Amino acid sequence: MTEQKNQTSAREIVCIVCPNGCRIQCKETDGQIVCNGQKCMRGKEYAIAELTHPMRSLTTSVRTVFPDSPVVSVRTSGEIEKSKLIDVTKALGQIIVDQRIKIGDIIAENICDTGINVICTSDRLVHPY
Amino acid sequence: MIQELYFDVTVIGAGPAGLAAALASDHEGAKTLLIEREARLGGILKQCIHDGFGLVRFGEKLSGPEYAERFIEQLPDSHVEVWTLSFVSEIKREKNESLLTVITREGMKRIRTRSLILATGCRERTSRQIGVHGRHCAGVLTAGTAQYYTNILGKLPTKRCVILGSGDIGLIMARRLTLEGAKVVGVYEAKPTPSGLMRNVSQCLWDFDIPLQVSKTVTRVIGDARLTAVEIASVDACMCPIKGTEEIIPCDALILSVGLIPENELAESIGVPIDFKTKGAVVDERNETLLRGVFACGNALHVNDLVDYVSESGEVAGKAAASPTNRSRGLVPVECDQSLLYVVPQRLCRNSEEMERVFFFRSARDMDNATLTVAKGEQVLFTKKFAHLRPPEMERIPITLSKKELDGNLPLRFHLEE
Ligand SMILES: Cc1cc2nc3c(=O)[nH]c(=O)nc-3n(C[C@H](O)[C@H](O)[C@H](O)COP(=O)(O)OP(=O)(O)OC[C@H]3O[C@@H](n4cnc5c(N)ncnc54)[C@H](O)[C@@H]3O)c2cc1C
Ligand code: SF4
């Protein structure tokens, strides 16, 4: 990152919204952000969010009581602040699933006060195969 | 005497490729069998719990199991017969039909099938295949195995590890292990650029301050029963370790993410010709191999980075396998020069009614503002510009070619120029 007078900073951001992975050159002058290199508008939105309040979705697993599937995969139903990824993962480490839940079932509401739920992403606990 | 069962189409492997192939074949009205050696359907997707699947197909960022479920849930409404815990041990060819020996829970079964679809996925390269020295000790494992331990068994395979190779699975596991509380010392890549997708470098390494060390490799593994450290060295342009740059890094695991190769044992056993570039079967645009009635799709055909294209390739194979023709294909070779790593399909049917053909290719190196040219002899049939091409990112491109353009014996040649 380079700091110049009249508060200009530049950063290259790799867009993770779609597989194209555009490299976006961002220049910030006195709070104004200019972006170059994105193939579509979603890239610009991503880059600006990335510079102001980076968000991520989290995918992980939680433990279960079932020997046939000792863990089941879960994810956040929406994006959470990037800085909270580790906290949320730790909180999920405390949960043990004791019911045969299916895709979409909520296993934790408003996790770590993010306003976001954590949902199950696998049917391995209910499937015959 | 074991009874012989007949199916129009038999699909081996129930990952995303096999699932799509079986459903497409059933949709065309063919009597279809789907064989899977594991207890559960979904293939490698079962353990890929991260999201990013299905962006092209469903416009959603699904996790692997969710993506697989979109196909698995269609099976009960179809007529596809599904055999899990069933392993195809042998295939024989009789005229244009295939005879399969399958080991199942109920014992051995024999299948006669008109069309056979190989959807057996791919394997990970191991340390022996890349020449890491040192004695064989516990703690050296592939990224896919680490993923299986973490995401399926719920057991963390390491507390402090080094990842060798910057393939996507390695990048994804770097993040996964970090979140689970392990220390990932770094990802080491012998090439000067990462081999995974840039978006994975960004969201898996940069987000967690995991160092990516390029032009470096593991030269030795250290430890008796269990790994205790690895030796890392810088490499020169020819990938040879540079003397004097060695350093020892203490760790309890070395995780390998050094590439995938199509699983082709069954294909080779019946003499399906293999492309040395893709390491998968040579196919036409319907994914039929050079053996009539034998098809290949998904990662068994060539290693894909997007599951959406894997499903597409399964559907193409399933549809074609369900409606075979005995007509001569009039195969036209498709070739590429050294500016491309490979192009699939490697043959075109001159006698096809369909004029639009879908090609998949990878460039041989990073290129900006590259032009793809498809030519037959001196005649240029197609050109297209690409802003960026990177070998890890496969390109999909539909090209319309008329019967006349495919006339004659000259091959189609793919070429890239900056
Ligand atoms: C670790 C990893 C991470 C990935 N991440 C992403 C991602 O983030 N986004 C994305 O879009 N794509 C991703 N991909 C790519 C995509 O998921 C794979 O390309 C896709 O799953 C391959 O599907 P497949 O059906 O060809 O093979 P597989 O899923 O491997 O399925 C092959 C099946 O065949 C069975 N089989 C093999 N041999 C036999 C036999 N002899 N008899 C019976 N059954 C047999 C196997 O048990 C297996 O179930 C990832 C791939 C991997 C490996
Ligand atoms: S800018 Fe648009 S096209 Fe480029 S990676 Fe982001 S979403 Fe995809």
Side-chain angles (χ1 to χ4, degrees), chain A residues 11-24 37 39 42-43 46 50 54-64 66-76 78-79 82-83 85-90 92-93 96-97 102-104 119-129, chain B residues 14 36 38-42 45-52 55-56 59 61-70 72-73 75-76 82-85 150-155 172 175-176 178-181 197-204 206-208 305-306 308-309 387-388 390 392-394:
Chain A
R11 212 177 121 187
E12 189 185 77
I13 283 173
V14 176
C15 180
I16 61 169
V17 176
C18 92
N20 281 334
C22 294
R23 291 154 195 241
I24 306 175
K39 276 191 201 152
R42 287 186 300 167
Y46 173 77
E50 196 59 12
M55 305 289 281
R56 292 287 182 276
S57 18
L58 172 70
T59 55
T60 182
S61 58
V62 295
R63 279 176 294 151
T64 80
F66 306 107
D68 60 325
S69 292
V71 284
V72 67
S73 58
V74 300
R75 68 177 159 98
T76 50
E79 294 191 320
K82 187 173 122 183
S83 55
L85 284 174
I86 301 270
D87 288 349
V88 172
T89 311
K90 282 202 178 126
L92 288 171
I96 297 178
V97 172
K102 57 181 195 309
I103 288 182
I119 57 171
C120 175
T121 60
S122 163
D123 273 353
R124 64 182 299 126
L125 294 177
V126 288
H127 248 306
Y129 31 70
Chain B
E36 170 59 49
E38 292 188 16
R40 289 167 191 275
L41 307 177
L45 291 180
K46 295 194 294 288
Q47 65 185 61
C48 298
I49 66 165
H50 57 280
D51 64 1
L55 272 172
V56 180
K61 271 200 213 174
L62 302 170
S63 68
E66 285 172 297
Y67 183 92
E69 192 52 38
R70 299 269 165 118
I72 295 172
E73 69 189 10
L75 286 172
V82 182
W83 294 1
T84 52
L85 292 171
T150 315
N151 296 347
I152 303 287
L153 301 182
K155 293 202 173 104
I172 281 157
R175 172 178 63 183
R176 183 83 186 102
T178 305
L179 278 172
E180 288 293 327
L197 301 175
M198 258 339 270
R199 63 194 297 268
N200 284 337
V201 173
S202 168
Q203 63 181 343
C204 298
W206 297 350
D207 271 9
F208 299 93
D305 33 65
L306 286 186
D308 313 70
Y309 295 154
H388 305 286
R390 292 187 68 231
E393 289 160 22
M394 193 178 73

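Not measured: the values here are computed from a predicted model. Numbers restart at 1 for each chain; the letters A, B, ... are given by sequence-line order, proteins then strands.
- The part of L306(B) that comes within reach of chain A is its side chain, from C-beta onward, which places non-hydrogen atoms under 4.5 angstrom from that chain.
- Interface residue S57(A): only side-chain heavy atoms are found under 4.5 Å from chain B.
- Salt-bridge annotation for D207(B) and R56(A): present, with a side-chain N of the basic residue lying under 4.0 Å from a carboxylate O of the acidic one.
- When each of S122(A), S61(A), G21(A) is checked for heavy-atom pairs under 4.5 Å with chain B, S61(A) comes out on top.
- Side chains of R124(A) and S69(A): a donor on one and an acceptor on the other come within 3.5 Å.
- Interface remark: C15(A) contributes backbone atoms only to the contact with chain B (heavy atom separation under 4.5 Å).
- Neither the backbone nor the side chain of V72(A) has a heavy atom closer than 4.5 Å to any heavy atom of chain B.
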Point to revise | L41(B)/L75(B) under side-chain contact (heavy atoms from CB on, under 4.5 Å): CA gap, chis, key distance, verdict | key: CA-CA 11 Å; L41(B) 307 177; L75(B) 286 172; 3.6 Å; yes
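- The two residues S202(B) and I16(A) come nearest to each other via the heavy atoms OG-CG2, 4.1 Å.
- Chain A forms the most heavy-atom pairs under 4.5 Å with one residue out of E38(B), E73(B), R176(B), Q203(B), and that residue is R176(B).
- Your options are M198(B), K155(B), E36(B), and the one with the most heavy-atom pairs under 4.5 Å with chain A is M198(B).
- R70(B) has no carboxylate O lying under 4.0 Å from a charged side-chain N of E66(B), or vice versa, which leaves the two without a salt bridge.
- Looking at L153(B), only its backbone comes within 4.5 Å of chain A, counting heavy atoms on both sides.
- Taking the side chain as every heavy atom from C-beta outward, K82(A) and M55(A) never approach each other to under 4.5 Å.
- Interface summary for chain B: among L85(A), T64(A), T89(A), T60(A), the most heavy-atom pairs under 4.5 angstrom belong to T60(A).
- With no hydrogens or angles considered, no side-chain donor-acceptor pair links N200(B) and R175(B) at under 3.5 Å.
- Only the side chain of L58(A) has a heavy atom closer than 4.5 Å to any heavy atom of chain B.
- Residue R75(A) touches chain B through its side chain alone, counting heavy-atom pairs closer than 4.5 Å.
- A 6.0 Å sphere centred on NZ of K102(A) holds no more than 12 heavy atoms belonging to other residues, nucleotides or ligands.
- In this structure, the portion of E393(B) lying under 4.5 Å from any heavy atom of chain A is its side chain and not its backbone.
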